Amino acid sequence: MLSTLSKQMKNHPALIPLAVFIGGGAAMSMMYLARLALRNPDVCWDRKNNPEPWNKMAPTDQYKFYAVNIDYSKLKKQGPDF
């Protein structure tokens, strides 16, 4: 399969940027899905030791990937402790 792909790339060099961008996009999407699975407070991998991980988040924890105008270090807690 790789030999066929390399023959195609040698015969049609205009396909090389297309392959690079498709590979880069696939890699970035897989990294983002891994980040969502590992860093999102809504995801619970261990139900016995930490059944509700969203309750242990501090107000200064940044869990969003990109925050436009929010400074997380200055936020205060709005609700009670459970």
Side-chain angles (χ1 to χ4, degrees):
M1 175 142 168
L2 289 175
S3 64
T4 306
L5 185 62
S6 66
K7 287 178 187 176
Q8 291 278 333
M9 294 297 171
K10 287 178 185 175
N11 290 337
H12 305 286
L15 292 177
I16 294 173
L18 179 67
V20 168
F21 283 110
I22 288 176
M28 287 191 306
S29 66
M30 292 303 291
M31 288 189 303
Y32 183 67
L33 285 175
R35 184 192 180 280
L36 283 178
L38 298 174
R39 303 282 296 169
N40 196 352
D42 295 335
V43 178
C44 181
W45 290 98
D46 188 10
R47 292 186 203 176
K48 293 180 182 176
N49 295 328
N50 193 8
E52 297 176 345
W54 50 88
N55 284 339
K56 294 185 179 181
M57 296 272 308
T60 58
D61 291 342
Q62 180 178 355
Y63 61 92
K64 290 188 176 184
F65 185 69
Y66 180 69
V68 180
N69 290 328
I70 297 175
D71 186 14
Y72 283 93
S73 63
K74 295 180 182 177
L75 290 179
K76 296 179 182 175
K77 191 168 186 175
Q78 296 177 356
D81 290 330
F82 290 108

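If you're wondering where the values come from, they're calculated on a predicted model, not measured in any experiment. Quick note: residue numbers are just sequence positions, from 1.
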CG of Leu5 to CE of Met9, rounded to nearest 0.5 Å, is 4.5 Å

Grouping ILVMFWY residues whenever side-chain heavy atoms fall under 4.5 Å, the cluster of Met28 otherwise contains Met31

Taken in chain and number order and not counting sequence neighbours, the residues that satisfy side-chain contact (heavy atoms from CB on, under 4.5 Å) with Leu18 are Leu15, Ile22

Nearest heavy-atom contact between Ser6 and Ser3 is OG-O, 2.8 Å

